[in-house]
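Notes follow the structure.
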Amino acid sequence: MEAIKGIGAGPGIAIGKAMLLGESQERVAFRTIDASQVDAEIARVDSALDASRADVRRLRTRMASRAGEDAAKIFDFHLSLLNDRGLTKPIHEDICRERVVAEYAVAESFRKFADMLRAQQADAIAEKASDVVDLQRRVLGHLGEHVSTRITNMRGPVVVIAHQLTPSQAAELHRAQIGGFATDAGGLTGHTSILARALGIPAVVGCGRATADIEDGDTVILDGDGGVVIVRPDDGLLERYQFLARESETRARALRETAREDSITSDGMAIQLLGNIEFPDEIPSVLSNGGVGIGLYRTEFLYLTSEVPPTEEDQLESYKRAIELCAGRPLTIRTLDLGADKYTQEHLDEAETNPFLGLRSIRFCLANPDIFRTQLRALLRASAHGPIKVMLPLVSHVMEIRETRMIMNDLAEELDEQGIPFDRNIALGIMVETPAAALMARVFANEARFFSIGTNDLIQYTLAVDRGNERVANLYNAANPAVLTLIKSVIRTARHVGIESSICGEIAGQPLYTPLLIGMGVRTLSMSPGQIPAVKRVIRGLDIEHCESLARRVGSFDSDRQVLSCLRDELRRIDPEALARSEGG
Ligand code: PEP
Ligand code: MG
């Protein structure tokens, strides 16, 4: 038995058999076969190659109809690779001569082919190596080295163990109905963790050595509340966690039952609680958890979960669905926040040395006007179907808002000419998630109709700590006085100039911070649906005057330790159960 400590990233407890995912499934184990199996193994490879060719042809047709023949040409290249004897012949030879399994032969042949391309002088040829890697995944997928196939083949609940998962892999795991996941890498506010909370998947990230210490098929207990993975537990511990899992489910059910109560402090101040979503289908869960609308719709997930870029019509459909499900309630849609840890298939291999400081979010959109215009046109068209607000991520310069407005004006003229209706008064606001935007909030307030403070990024950029890097996770702290000073000043400025402000970073859903944020003047909080009931319960136990005096006291502290200890004392007084949950108890 062994306990691996990590960071609790998704709620609840999962108990099941471990399934290890290779780094990107292309590191395939070396296994040999008997002479009698050679023909069958060759047949497996041939049918996997055939199935991959069929996939590529299908994708080509879809891309051609959506984005035209030129865009579809990339798939011709993929098809020619799959037919290239330089790639397929060594696979057959390895199986016949070396008697290796089909998976290993495929992985080796693709790897050598990619290396050969990488070694070419001409950049245009070297870049094609990434297409080979992409195809390798596809062929291995057809050979059964695929997440969902492997999961379906396992009996009982499965806990996935991986070095790192991308946000789109986490979404795929959810569809495959896994019990939970643990990763070596990652931090609490990385997008994979956020997705785990949004989808209600128990998860522990930043475990450091989970993939080294856990073997396929081991029984594991994954405690997403306590941030620990227990490997090969004894019977006593297993029983204890089975009991805890039932108890935590009962507690969550009891909390959900209070979801319909008003979100109002004991002295009558209304606090608006909204949900953060990645897909419109999460909206019913926001409402059933007691949220009154959507404060952050992360639209990039439509890109991240589809193989070809979503068209204007695809996006319009999603926005219309969100509008319909919100039925007149607030709905703030954020424009694409791609880059950093969220790359589309097409841009996956455009490596940046420092992607969190690179071409991400609004910068990526302005640098890719076709992508941005498509989204903004879909948003404008959607606005005819119900009230929406549009929000720009990672703004650090007023020009970014002005340029966006110019594009929107241009699109508005185009829509007018085409007689397509849209809301002429659509509110354009920004996320305040860079120190530049926070420090210059007064200037930004002249350009933006509202602010939403994205503390996940604001913390990482203020403290210079990567939000997804477990090695510096101890330095990533919302309670750092530098972060709190910026939050407070943005809220004050918004109030002063009379524009709406809210918080949509993860601290908005952490009961520990609720009294402080309200004391600083926040009246709207947006969070993962599952966090709403607990925050609401804390709000109902607060009074504003006390919160304001707490905020003043916290403002005088010079270390995050002092801040945290004061916030813990406060929460212990208001809602000891919430404190126990936040400490993983
Ligand atoms: C944030 O940065 O706080 C935020 C809400 O945006 P995201 O987590 O999607 O980067
Ligand atoms: Mg952000």
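For ligands, and for the atoms within them, numbers begin at 1 and follow the listed sequence. All values reported here derive from a predicted model rather than from experimental measurement.
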Part of Leu296 with heavy atoms under 4.0 Å of ligand 1, whether side chain, backbone, both or neither: side chain

Backbone or side-chain N or O of Thr455 under 3.5 Å from ligand 1 N or O: yes

Side chain to side chain contact (heavy atoms under 4.5 Å, CB included) partner of Val205, chosen from Leu188, Asp184, Thr192, Thr183: Thr183

Close side-chain approach of Ile271 and Thr265, heavy atoms under 4.5 Å: yes

Shortest protein heavy-atom distance from atom 6 (O) of ligand 1, along with the residue and atom involved: Arg334 NH1, 3.0 Å

Least distance between heavy atoms, Ala9 atom then Ala196 atom: O-CB, 4.4 Å

Min side-chain heavy-atom separation Lys389-Leu331 under 4.5 Å: no

Atoms in ligand 1 flagged as close to Ile194, the criterion being non-hydrogen separation under 4.0 Å: 8 (O)

Which segment of Ile453 sits under 4.0 Å of ligand 1 when only heavy atoms are counted: neither

Whether over 12 other heavy atoms sit under 6.0 Å from His546 NE2: yes

Minimum-distance protein heavy atom relative to atom 7 (P) of ligand 1: His191 NE2, 3.2 Å

Stepwise salt bridge (Lys or Arg N to Asp or Glu O under 4.0 Å) test for Arg360 and Asp337: CA-CA 7 Å; Arg360 67 168 289 204; Asp337 192 9; 3.4 Å; yes

Proximal candidate to atom 10 (O) of ligand 1 [heavy atom criterion; set Arg467, Glu433, Met431, Arg298]: Arg467

Approximate separation, where rounding is to 0.5 Å, of Glu506 CD and Tyr513 OH: 12.0 Å

The Mg ion (ligand 2) - number of protein N/O/S atoms closer than 2.8 Å: 2

Location of contacts on Thr189 toward ligand 1, heavy atoms closer than 4.0 Å: neither

Partners passing salt bridge (charged side-chain N to carboxylate O under 4.0 Å, His left out) against Arg321 (at least two apart in sequence or in another chain): Asp281

For Gln460, the option from Leu458, Asp457, Asn456 that meets side chain to side chain contact (heavy atoms under 4.5 Å, CB included): Asp457

Heavy-atom nearest neighbour in the protein, as seen from atom 5 (C) of ligand 1, with distance rounded to 0.1 Å: Cys504 O, 3.4 Å

Atoms of ligand 1 close to Asp337 [distance to a heavy atom under 4.0 angstrom, numbered from 1]: 9 (O), 10 (O)

Residues Arg334, Glu300; criterion salt bridge (Lys or Arg N to Asp or Glu O under 4.0 Å); working and verdict: CA-CA 9 Å; Arg334 179 174 75 184; Glu300 59 278 4; 2.7 Å; yes

Glu500 atom CD: more than 12 heavy-atom contacts under 6.0 Å: no

